[in-house]
Number of protein chains: 2
Amino acid sequence: MVHKQPGDGSKAPWWNGFEQALAAVTEPDQSAKKAAMDRQASLTKPPGALGKLEDIAIWLAGWQSRERPSLDKARMVVFAGNHGVTAKGVSPYPSSVTAQMVANFRSGGAAICQLCQTYGATLEVVDLDLDRPTADFTEQPAMDIEECQHALARGAEAVDKDPDFLLLGEMGIGNTSAAAALALALLGGEPEVWAGPGTGLDKQGVARKAGVIADALALHQRHCDHPFEALRRLGGRELAAIAGAVLEARTRRIPVLLDGYVCCAAALVLERARPGALDHCLVGHVSSEPGHAKLLAGLGKAPLLDLGMRLGEGTGAAVALGVVRGAVATHNGMATFAEAGVDNRG
Amino acid sequence: MVHKQPGDGSKAPWWNGFEQALAAVTEPDQSAKKAAMDRQASLTKPPGALGKLEDIAIWLAGWQSRERPSLDKARMVVFAGNHGVTAKGVSPYPSSVTAQMVANFRSGGAAICQLCQTYGATLEVVDLDLDRPTADFTEQPAMDIEECQHALARGAEAVDKDPDFLLLGEMGIGNTSAAAALALALLGGEPEVWAGPGTGLDKQGVARKAGVIADALALHQRHCDHPFEALRRLGGRELAAIAGAVLEARTRRIPVLLDGYVCCAAALVLERARPGALDHCLVGHVSSEPGHAKLLAGLGKAPLLDLGMRLGEGTGAAVALGVVRGAVATHNGMATFAEAGVDNRG
């Protein structure tokens with residue numbers, strides 16, 4: 001656990017501990033990576049013919065420090081939070097749906113349950129004070145310092161059980177508004193670029209949402225010089241938890257698979273605080289939420305999948321785990337040219 | 001088995017039986033499709049939020065005639081053939097590799113073996129007279145009528161065991177040249193558009209390959225008014241077998257997942273012979289072989305994946321089966337709003 005607030009009464013900003021953790025992160029294991037590259041070159045296929053599957057296997061090898069990576073303990077953590085900004089009519093669904101969907105996650109009825117079962121990930125759901133929504137960020141910061149730190153710490157804790165691959169998702173009625181506000185604060189542009197239909201707003205609804213986000217930025221932008229402060233003011237508990245989990249995973253060199261718009265907006269906080277902070281992260285998919293592709297450009301990340309999904313819950317990351325399984329299976333299980341007695345190119 | 005040559009001594013062209021089979025194909029079950037659409041609308045997610053996963057489930061429901069489709073008998077068939085045109089230096093690998101890779105498929109060492117295991121498909125390998133390569137199509141037709149009909153029939157036979165989902169792949173040193181020649185004959189353009197690196201030709205090699213394809217077209221184009229005749233003259237046994245399998249699957253209303261450049265070039269024969277012939281087919285991926293994206297445009301098909309793969313063997317289709325499994329799992333297993341007690345949108 002690295003996420004302690006300085007308790008010495010100093011004037012250090014509240015995010016100091018997180019910055020220190022980011023400054024201390026290490027790089028992937030180059031010798032495991034090299035061994036994985038050599039193995040790829042020996043397998044019975046033309047060099048490079050498995051495309052991104054090869055890249056994924058080599059990347060995992062580096063972060064897991066083993067020539068042949070494992071996916072025995074793939075773990076999906078879905079963080080759920082509620083948002084005061086829903087009072088402004090930014091979602092077609094009522095806030096009650098967040099807790100109801102958390103119950104649906106726990107009883108196995110949600111999309112993410114089916115997908116985790118299909119692709120072999122355990123599913124943990126972390127609900128973050130659902131009965132206490134964040135403040136409406138058009139009126140005040142979404143979280144006070146303690147709330148934000150607590151949510152970051154809850155995210156870090158969720159990494160505790162030493163997964164070999166960590167997948168992250170979220171649930172929270174209103175949270176594409178938080179993601180849009182955060183993206184706007186950290187990447188700039190116009191509110192209209194970042195506000196999308198979310199769970200299904202119509203055109204008027206999207207315009208209203210863009211206005212709400214503009215209001216939030218008018219209030220907070222001048223206090224958002226630091227990405228962690230932007231997270232506190234404009235994010236939400238599940239976004240802070242995702243940032244906390246991604247940072248803790250980097251500290252432990254656990255590779256991470258990110259999901260959609262909200263998940264990537266949360267991770268963006270770390271990338272803006274320290275470029276390269278997300279080198280241990282792949283992005284599972286690009287969603288049909290219009291801002292996501294632009295957000296990925298801001299992160300410098302290419303998604304594995306583009307399936308027109310926009311559900312959240314970690315569902316895009318879960319489907320992408322299917323691709324990652326293929327990468328690991330071919331890397332670990334294929335025969336070499338020598339083993340199979342196949343002639344290599346002349 | 002629909003692929004009988006007219007045996008009555010008439011002057012009907014040799015592909016007459018195949019044309020008749022194409023004329024007799026039926027459409028998917030609209031009532032099962034409607035039931036699947038209604039089910040999708042009831043599941044605990046915003047309408048459309050699972051994107052292509054929803055489309056895939058509904059499409060499968062139609063072809064399988066059941067509201068909840070099954071993937072209990074997904075079956076990958078890989079057809080292998082050898083090509084006389086390899087004498088012209090169109091591949092960096094020797095023809096001996098085709099039979100060696102077939103042995104590798106059978107002993108479990110190839111990429112496709114690992115992927116079929118990962119995504120839950122049985123794997124059948126059909127080697128087509130590997131010791132008797134097709135003729136060099138720059139000098140004469142690749143196959144005589146009997147050879148081509150036999151290969152088409154071998155493809156149809158491979159559908160015999162009633163899979164609920166059929167995946168098709170191929171192996172054959174030199175077969176991207178056959179695919180390129182066939183695409184050129186059926187879709188036009190310049191040889192350079194369709195000739196790519198295949199297993200890894202350098203720039204000079206690709207130019208040589210384009211020249212070989214131009215030579216082939218100069219010899220055969222005027223005889224290629226009918227797509228089946230183009231297949232016979234420019235294709236190869238594994239391409240003919242794929243066309244035969246796709247047609248037989250359509251006759252039996254078995255949904256099909258196509259793989260890369262060679263597989264799609266073979267399927268193109270049917271689409272050109274009868275537009276709509278491939279309505280029961282999805283394309284698993286777009287490969288990095290440059291002509292594939294253009295071929296997909298010609299087919300009017302969008303690929304599920306774009307992972308920079310270019311191995312053939314059915315590997316792109318196999319990885320896409322992973323996505324299809326997610327589509328079926330969510331469609332069949334999710335709770336409805338009513339079942340889960342989740343509030344629907346207001």
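In what follows, every heavy atom counts, from backbone to side chain, and hydrogens, waters and symmetry copies are set aside. Residue numbers begin at 1 in each chain, while the letters A, B, ... track the order of the sequences.
Counting only residues at least two apart or in different chains, side chain to side chain donor-acceptor pair (under 3.5 Å) contacts with residues 73-88 of chain A comprise Arg75(A)-Glu124(A), Asn82(A)-Thr98(A), His83(A)-Glu238(A), Thr86(A)-Ser95(A), Lys88(A)-Asp136(A), Lys88(A)-Thr138(A), Lys88(A)-Glu139(A).
Environment of NZ in Lys294(A): sparse, with no more than 12 heavy atoms of neighbouring residues, nucleotides or ligands closer than 6.0 Å.
Interface remark: Val342(A) contributes backbone and side-chain atoms alike to the contact with chain B (heavy atom separation under 4.5 Å). Within the 4.5 angstrom heavy-atom criterion, only side-chain atoms of Asn104(A), from C-beta onward, approach chain B. The contact between Thr199(B) and chain A is made by backbone and side chain atoms together, counting heavy-atom distances below 4.5 Å. Contact of Ser107(A) with chain B is not made at all, since no heavy-atom distance falls under 4.5 Å.
Ranking Leu304(A), Leu305(A), Thr44(A), Asp343(A) against chain B, the residue ahead of the rest is Asp343(A), based on heavy-atom pairs under 4.5 Å. Among the candidates Ala103(A), Ala302(A), Ser96(A), Ala111(A), the residue making the largest number of heavy-atom pairs closer than 4.5 Å to chain B is Ala111(A). The candidate from Gly51(B), Gly109(B), Gly200(B) with the greatest count of non-hydrogen atom pairs under 4.5 Å with chain A is Gly109(B). When each of Cys113(B), Ala49(B), Gly48(B), Ala318(B) is scored by its heavy-atom pairs under 4.5 Å with chain A, the top score falls to Ala49(B). Note: Met309(B) leads Met309(B), Glu339(B), Met101(B) in heavy-atom pairs under 4.5 Å with chain A.
Contact annotation for residues 321-329 of chain B against chain A (heavy-atom separation below 4.5 Å, listed by residue number): Gly322(B), Val323(B), Arg325(B), Gly326(B), Ala329(B).
Closest approach of Lys52(A) to Asp306(B), counting heavy atoms only: NZ-O, 4.4 Å. Residues Met334(A) and Gln114(B) come closest through the heavy atom pair N-CG, 4.0 Å. Arg310(A) and Pro46(B) make their closest contact through NH1-CB, 4.2 Å (heavy atoms, listed as atom of the first residue, atom of the second, distance).
Note: Leu307(A) CG to Leu50(B) CG = 10.0 Å, rounded to the nearest 0.5 Å. Of the inter-residue distances, the one linking Thr330(B) atom OG1 with Gln117(A) atom CD reads 12.0 Å to the nearest 0.5 angstrom.
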